[in-house]
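Notes follow the structure.
Just so it is clear, the values below take in all heavy atoms, side chains as well, and ignore hydrogens, waters and symmetry mates. Sequence lines set the chain letters: A, B, ... in the order given, protein chains first and strands last, and positions in each chain run from 1.
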Amino acid sequence: MYSYDLNTNLANIQNMLAEHVIKKDDFKELKIIAGVDVSFSQDNQAVAAAVLIDLYNLEIIETIIQEVELLFPYKSGFLGFREANAMVSVLNGLKRDYDVVMINGHGVLHPRGFGLASQVGVMIDKPTLGVAKRLIVGIHIVEGNHFPELIIFTNEILGAYLNGFYVSIGHKISLKTAIELFNDTSIFKTPEPIRQAHILATQAFKKILD
DNA sequence: GCGACAG
DNA sequence: ATCTTGTCGC
C-alpha cells in the first residue's frame, strides 16, 4: 500500500500542515481535558474512546466510545493518517466541550514536525499535546543539565522526556504548559486522560468482538 | 545491504 | 496496537 510516491506525498502534506501548527499557548482556560485512544488488533475494525476529565480533581465527567474503521495501515512517521480521523470523530461525539486533548503519540517531536497529536489539533483547531513512550527513529536527543531533559531536533527544542514519556506540543499549547499538564494529570505512571481512554477503548473493543 | 521504526 | 503466564512488590 505504501509506494514511494505515496510516502513522498504524505510527507509533503505533513510538511505543509506543520506550518499551521501553533507552538504557543492559545486558549482561554484549561479546565476540561480530553483523552483519546483507539483500540484494534489485526484488521481495520477498531474502537475509539474519549474521556473528559476535570483538571482540578482528575475525575471523569464524560465518556464516549465509537466503532470506527481505520483506513490506513500503520507506518512509523505516518500514524496521523491512520488514527487522526477516528480520534476527531469520537471527539466530535462528546456532548460537553473541552479545552485541550492529550493524545497517545507525538506532536511536533516528529521528523516533519507533524505527528498525530499535531494533526488532530489542526483538524479540530484546539490545543493538543502528544505523549509517547518511544521516540521515532531519526529524532535526536540532547540531554539538558536540568530537569526535565530537553530534546532537540534541527536546532529547535521540541519536547521533553519525563517519567518515561516523551511529551511534546501538539497544537496551540506551549511545551511548558504541556509539561505542566502532563505532571498535573499523572497520579499513576500514565497520565489519567490517556490511561482512562485506553482502558475504555480496550474494554469496549473486546466487548464488541463478542 | 541489514535492521529499526509513535500506535 | 494486541496476543499471553507468571511474577515481583506494595
In this structure, how many angstroms lie between the [atom2] atom of [N] and the [atom1] atom of [X], rounded?
| X | N | atom1 | atom2 | answer |
| --- | --- | --- | --- | --- |
| Phe78(A) | dG7(B) | CZ | C1' | 15 Å |
| Gln45(A) | dT2(C) | CD | C1' | 15 Å |
| Leu200(A) | dA1(C) | CG | P | 16 Å |
| His110(A) | dA6(B) | NE2 | C1' | 8 Å |
| Lys206(A) | dT4(C) | NZ | P | 9 Å |

Original post:
Base, sugar-phosphate, or nothing: which does Gly130(A) touch, judged by heavy atoms less than 4.0 Å apart?
Top reply: nothing

Original post:
With sugar-phosphate meaning primed atoms plus P, OP1 and OP2, does Tyr166(A) contact a base, only sugar-phosphate, or nothing at under 4.0 Å between heavy atoms?
Top reply: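 Tyr166(A): no heavy atom of the nucleic acid under 4.0 Å.
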
**OP:** For the residue pair Leu129(A) and Leu181(A), establish whether any side-chain heavy-atom pair is separated by less than 4.5 Å.
**Re:** yes

Original post:
Hey, are the side chains of Val68(A) and Val47(A) touching, using non-hydrogen atoms and a 4.5 Å cut-off?
Top reply: no

**OP:** Would you mind telling me which of Asp99(A), Asp25(A), Asp125(A) makes a salt bridge (charged side-chain N to carboxylate O under 4.0 Å, His left out) with Lys172(A)?
**Re:**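 Going through the options one by one, the only one that passes is Asp125(A).
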
The side chain of [X] is closest to which nucleotide in this list: [options]?
| X | options | value |
| --- | --- | --- |
| Lys133(A) | dG7(B), dA6(B), dC3(C) | dG7(B) |
| Leu116(A) | dT2(C), dG7(B), dA6(B) | dA6(B) |
| Ser41(A) | dA6(B), dA1(C), dT2(C) | dT2(C) |

Original post:
Is there ring stacking between Tyr74(A) and dA1(C), where the centres must be under 5.5 angstrom apart and the planes under 30 degrees?
Top reply: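 Ring-base stacking flag not set for Tyr74(A) and dA1(C).
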
Original post:
Looking at Phe165(A), is Lys133(A) sitting on its ring face, NZ or CZ under 6.0 Å from the six-membered ring centre and within 45 degrees of the normal?
Top reply: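 Ring-cation test returns yes.
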
